[in-house]
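Chain A is the first sequence line, chain B the second, and so forth, proteins listed ahead of strands; every chain is numbered from 1.
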Number of protein chains: 2
Amino acid sequence: MKPSSHLTDTSGYMLSKLGQATIEQFAQRLRPLGIRPKHCGLLAAIRHMPMTSQLALGQALNVVPSAIVTMIDDLEALGAIKRVADEADRRRYAIELTEKGAAMLQQATAIAQQVDESILAPLGKSERDTLRQLLKKLSTGLSQA
Amino acid sequence: MKPSSHLTDTSGYMLSKLGQATIEQFAQRLRPLGIRPKHCGLLAAIRHMPMTSQLALGQALNVVPSAIVTMIDDLEALGAIKRVADEADRRRYAIELTEKGAAMLQQATAIAQQVDESILAPLGKSERDTLRQLLKKLSTGLSQA
DNA sequence: TATTGTTATACTCTATAACTATA
DNA sequence: TATAGTTATAGAGTATAACAATA
């Protein structure tokens, strides 16, 4: 038998729909913090590679320079990050995560866990673990693309 | 131990990223057909509920009227669907899938299967089946929201 | 007065490209 | 001449709201 003779039964179709639903729910619950999902990825990247230049962050996230500047502007206005002048190269700013930014990332992570609870509700505990492992495998395949 | 103490390890985060990557790849391979991913969902809905009004299709897909009209315009220009005048209610058009539209849906389905092959490459056969079953469970939970 | 379809419009998002200041 | 950052601008996508025809 064919694995998925209907378009809407393909894994890709379901992944797209689920991903979209997830991000919408995440965005909604994130609203009180004044940020959007894209800012969260950036916050995580900043914590992971502290004191990095804006363009380097952009390359790591595959985001064009003008977009990174806007996001950094947003986060700076919220006090989540600071632009620290680089004395060696006065064109550069090193991006530093503030305490407030770290707290914000922690809150965002908690919200993401709540969204997981909501989205994964139809699955039992072991099923969730299985799903997470499978998604992890697929995600590592992504970064090579 | 906590299931996912990092934001980027949550299932929701991975679902979002994978869904986005999937839809981008789908869009790219779909380009030669002259349509976008959103048109495919509409084509599938039209086949599933033939001779339905535009607004009813919009409600089924959770799409606003103006957007449905534009998509129907696109598909009609490609010869994939026809607006059939409803003689009983002259405000309405019943949307009919043409042979060309059916062929287009079939091509789109084949492309979706190719995308599945590409995205699911890191998984073995039984893992893919497991994933599909889990995604199916989650997808049925979606429509209730 | 409500409903189907349509059009006009505004808004958001994102990317491209031009510009500055440094190197 | 090249690079980090910034700003200006244009494009696509989507939603809101006004509108015409019909019920």
Practice task
Among the candidates C:dT3, C:dG5, D:dA12, find the nucleotide nearest to the side-chain atoms of B:Arg36.
Solution key: D:dA12

Problem - A:Val64 side chain, from C-beta outward: closest of C:dT16, D:dA12, D:dG5 - result: C:dT16

Exercise for the section: Select from A:Glu87 and B:Tyr93 the residue whose nearest nucleotide in DNA chain C is closer to the 5' end of that strand. Expected result: B:Tyr93

Problem - Candidate nucleotides C:dA23, C:dT3, C:dT6, ranked by approach to the side chain of A:Arg90 - the nearest - result: C:dA23

Exercise for the section: Please report, rounded to the nearest Å, how far the P atom of C:dG5 is from the CD1 atom of B:Ile72. Expected result: 9 Å

Problem - Contact nearer the 5' end of DNA chain C, comparing B:Arg91 with B:Gln54 - result: B:Arg91

Practice task
Answer with base, sugar-phosphate or nothing: what part of the nucleic acid does A:Ser66 contact at a heavy-atom distance below 4.0 Å?
Solution key: base

Exercise for the section: For residues B:Thr10 and A:Ala112, report the shortest heavy-atom separation together with the two atoms involved. Expected result: CG2-CB, 3.9 Å

Handout entry: Of the listed nucleotides C:dA23, D:dT6, C:dT6, the one nearest the side chain of A:Arg83
Key = D:dT6

Practice task
Please work out if B:Ala85 contacts a base, only the sugar-phosphate, or nothing of the nucleic acid, heavy-atom cut-off 4.0 Å.
Solution key: nothing

Exercise for the section: Figure out the CD1/P separation between A:Ile95 and D:dT6, and round it to whole Å. Expected result: 8 Å

Exercise for the section: Side-chain contact test, heavy atoms from C-beta onward, threshold under 4.5 Å: evaluate it for A:Glu127 versus A:Thr130 and give yes or no. Expected result: no

Completion exercise
Separation of D:dA21 atom C1' from B:Asp89 atom CG, nearest Å, is 11 Å

Handout entry: Interatomic distance, A:Leu55 CG vs D:dG5 P [rounded to whole Å]
Key = 5 Å

Practice task
For the residue pair B:Leu123 and A:Leu134, establish whether any side-chain heavy-atom pair is separated by less than 4.5 Å.
Solution key: yes

Handout entry: Nearest heavy-atom neighbours spanning A:Asp74 and A:His39
Key = OD2-NE2, 2.9 Å

Problem - Between P of C:dA15 and CD of A:Gln59, the distance in whole Å - result: 15 Å

Practice task
Quickly work out the B:Ile23 CD1 to D:dA12 P distance and round it to whole Å.
Solution key: 19 Å

Practice task
Choose from D:dA23, D:dT7, C:dG5 the nucleotide whose nearest atom is closest to any side-chain atom of B:Val69.
Solution key: C:dG5

Completion exercise
note: B:Lys38, atom NZ; D:dG13, atom C1'; distance rounded to Å ~ 7 Å

Practice task
Please state how far atom CE in B:Met71 lies from atom P in D:dA15, giving the value in whole angstrom units.
Solution key: 9 Å

Completion exercise
Between the CD atom in B:Glu96 and the CZ atom in B:Arg47, the distance rounded to the nearest 0.5 Å is 15.0 Å

